[in-house]
Amino acid sequence: MEISKQYDPAQSESKWYAYWLEHKYFKSLPDHREPYTIVIPPPNVTGVLHMGHMLNNTIQDVLVRRARMLGKNACWVPGVDHASIATEAKVVQKLRAEGIKKSDLSRDEFLQHAWVWKEKHGGIILQQLKKLGASCDWARETFTMDADYSRSVIDTFIDLYKKGYVYRGERMVNWDPAALTAVSDEEVIHKEVESALYHVRYKIAGSIDEWVTIATTRPETILGDTAICVNPNDERYKHLHGKKAIVPLINREIPIIADEYVDMEFGTGCLKVTPAHDVNDYDLGRKHHIETIDVLNADGTMSAAAQLYVGEERFAVRKKISADLNAAGHLVKQEPYANKVGYSERTDVPIEPRISLQWFVKMQDLSKPALEHVMNDDVQFWPPKFKNSYRNWMEHVKDWCISRQLWWGHRIPAYYYGIGENEFVIAATDAEALLLAQKATGKPLTAADLKQDDDVLDTWFSSWLWPISVFNGFYSKEEVDYYYPTNDLVTAPEIMFFWVARMIIAGYEYRGEKPFKNVYYTGIVRDKMGRKMSKSLGNSPDPIELMKQYGADGVRVGMLFSSPAGNDLLFDEGLCEQGRNFSNKIWNALRLIKSWNPEGRLQPAAAAAAVKWMDHRLAQVITEIGDHYDKFRMSEMLMTCYKFAWNDFCSWYLEAVKPAYGESMDSTTQKAVVAHFESLLKLLHPLMPFITEEIWHLLAERLSPKDALVIAPWPVAGTCNTAIIEGFAKATDVVTQIRNIRKENNIPNKDALELYIRGDADADTAFYPVIQRLANVSVCHRNLEAPAQAFTFVILGAEYALPFGESVDTSQQVDKLIEELTYTKGFLIAVQKKLSNERFVQNAPEQVLIVERKKETDALAKIALIEQKLTGMGIAF
RNA sequence: GGGCGAUUAGCUCAGCUGGUUCAGAGCACCUGCCUUACAAGCAGGGGGUCGUAGGUUCGAAUCCUACAUCGCCCACCA
């Protein structure tokens, strides 16, 4: 059969993915085998595949495929997250484009639109993952708003409420004025911004010309000021205690209070207190029983309570009011100031602290086991450095605001029967709620008397149940008992607190057990210049296009080059190109092997030696690769495979066994090579599933689906005799030296040379034929005096000489010898200096001394040899 | 403001508890080759006083201390 010169990924990828699905290799059901489980970090339902997913899912697939080949019951659970804020924002945007405002729709109407949108766009990303080769058990695809899943979310809320962990309270929350919802602390990103510090003076009430000056970055909140606060120890302001000040522009009288919270050093040492718009002020306000005036609307415009600028946007007002204050003589000065401002992770608008009634989860007790079990490595982090930040967060964990003022998501199962703060019941259904409410009030309420909370739960309040709920673990034991705890979680450090920590918390709370054994943190995929990939920068390549261009295998390999755990990956298309080239290299190894027509002829000595070496080298590499997997060193694992395939297998092994031109292949060698190649394909399969499966089938007739590579047994390391490996390595060193001499002296490869070897005492002469084959050496003379006219070199104490005729230009050879002589002499001096140091000789361990003495003798021998050589050539030195 | 981590070849990174895997890998670069598996390739080669300054030690990329630079996480100083 004719095999094309270049590997064509397109046809083989679709063919083999369909084949794998058809034969249900990815399907998993509980059985007697050891399970190996990964739950996918569910991408947003509205998302499309980006480079981060590519990296993340490639790693997961590599792990799953290897586990499958190790004979484990490999189960990779796919799914998507409803992503309440992100999805709702997209639906709102889409509706707006159609001229429909969310506010014009009822909740049900809006949700209808949302579901239509979800059905249309949802899950695109999972289809894209198939192109990457992801070996998920697709029958298990889960959506966080599936019926059973939703039920588990609501039941968890109810359970935590009953346990006293969930509470409702008025708190200062992070308000997103664009999304019109509260967000959790984790969803706020602090950015350093250049702003201004405004020094504003307030008149003291009842005075003629007495002022107090405060400093603020947010002058628009002056309208909500209800106190001025100074430090009680501040001598400058003691006379003001108990007096009142007048808020500029609106002339409201506010008290001047004293509290040690105020930093005397900062600004003017006077703080304006706006309890409605600042967390600290809120606390101060409560402490000192100060009035609260909320001057902002939910959307960030000024409210009626502000009296001025009503309905105008907060940042526009900031400019206006500073001008107005200035005009009125209140602005003392304005200085540039760099401060941190919180931005919404989702909408990227500045967060507004806002007092509102929200639902919270008490975290302190709940999170204790989750801290402990990570610190003692029951749950292991890779790399472990992330344990530090995890601990830091867990030790200072704060209550989790779980209500969101959105419609898309799991609606909070709270039903109000009155407007009082505690006039509600928590229930899974309307009917149950009604019963509870009747019981609570002792009144014959009807459904119409109850109103369910309008808010939905934070998305992460559902995703934290993911490792349990994907197995329907709250309602059925069968699957969850088998698959849980899962093995490895592969995710980004960015969501360590959002998701990883909370899954661990939920795991211990609801299963009394960790959700996964290992957490592998990937880095962020950045562009070549180190910038985060983003739509707005347009620096993110389309993964689907990349796969078209370089093949899925090429891209997978490209992603894994240079991406150690926890390190950002500087993505460069060149890496995918390298991956594609690697595919092609393997492909051409197949072409070579397939071109042989083996005969029953005698096995050449070089081939026999190379085959033996490969047996041992393979064993060594299998062990090494296993070690890398165990330590989650993915890119090193890849690099080991890459170098083994390219250098050891192709460059040395195939070249050594390859029949000379015009000769045929012997069947003994051919069989051995095929067996070795098959082992290599197995090692490569998790990395490059498509091409390896393709080659696997081209290499031999595999009639039964049971013989597919995807489920082939992982290679077992045989014995590894390092002496054999070293022997071969020495042979390759000799070959390289000879090639080098040929090149430097323009000796064509086709001219056979004779090689004289001396002092190669403990050598395995079995590898001499390999030298002869690869360096075109006609004969190896052992322990025979070499002619004086020869190129020489020394490797590990043995001397090698290649005689040359008179015609060869030796000047380069002489230069090189002199250079080497100089270097070796310098080296000798250094070693001898060390050895003559009494303290070194006394203190260094025996082993080190032996090594140093050997260095000395080797160097002396080498110098003698080179000098002898030069003398023989008639050169003075 | 608190914490964590990094700094090794042009780039991306290995180098575990101080001494033969100590100065490494891949890519890039340079030179010569279209040699019947592969130019998406082959063969060969150059390149780093391991951020700076001290210290411990017979011996430091490796341990200690400062400093410099960069990154990340956490944090309610207006």
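To find a chain, count down the sequence lines: A is the first, B the second, and so on, and within it residues start at 1.
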Interatomic distance, A:Asn581 CG vs B:rA37 C1' [rounded to whole Å] = 15 Å
ask   = What does B:rU21 pair with, Watson-Crick or G-U, if both distances are under 3.5 Å?
value = none
ask   = Is a donor-acceptor pair below 3.5 Å formed from side chain A:Glu655 to base B:rA37, judging by atom type as modelled?
value = yes
ask   = In whole angstrom, what separates A:Phe497's CZ from B:rC4's P?
value = 14 Å
task = Name the closest nucleotide to the A:Cys650 side chain, picking from B:rA37, B:rG26, B:rG44.
result = B:rA37
task = Grab the CZ-C1' distance between A:Arg739 and B:rC42 for me, whole Å please.
result = 9 Å
inquiry  = If you go through the side-chain atoms of A:Gln6, does one of them form a donor-acceptor pair with the base of B:rA40 closer than 3.5 Å?
reply    = yes
ask   = Taking the six-membered ring of A:Trp400, is the NZ or CZ of A:Arg502 close enough (under 6.0 Å from the centre) and on axis enough (within 45°)?
value = yes
query = Is A:Lys750 side chain donor-acceptor paired with the B:rU35 base, going by distance under 3.5 Å alone?
reply = no
query = Regarding A:His199 and A:Glu335, is there a side-chain donor-to-acceptor distance under 3.5 Å anywhere?
reply = yes
Any N/O donor-acceptor pair, A:Lys385 side-chain to B:rC4 base, under 3.5 Å = no
remark   = chi for B:rU20 classified (syn = within 90 degrees of 0, anti otherwise) as syn
note = Of B:rA40, B:rA78, B:rA25, the nucleotide closest to the side chain of A:Leu271 is B:rA78
key: Nearest-neighbour nucleotide for the A:Asn588 side chain, B:rG26, B:rA37, B:rU31 considered   = B:rA37
query = Is any side-chain N of the basic residue among A:Glu220 and A:Arg314 closer than 4.0 Å to the acidic one's carboxylate O?
reply = no
ask   = When the distance from CD1 of A:Ile290 to P of B:rA78 is rounded to whole Å, what number comes out?
value = 20 Å
query = Say you pick atom P in B:rU7 and the same atom in B:rC29; how far apart are they, in whole Å?
reply = 26 Å
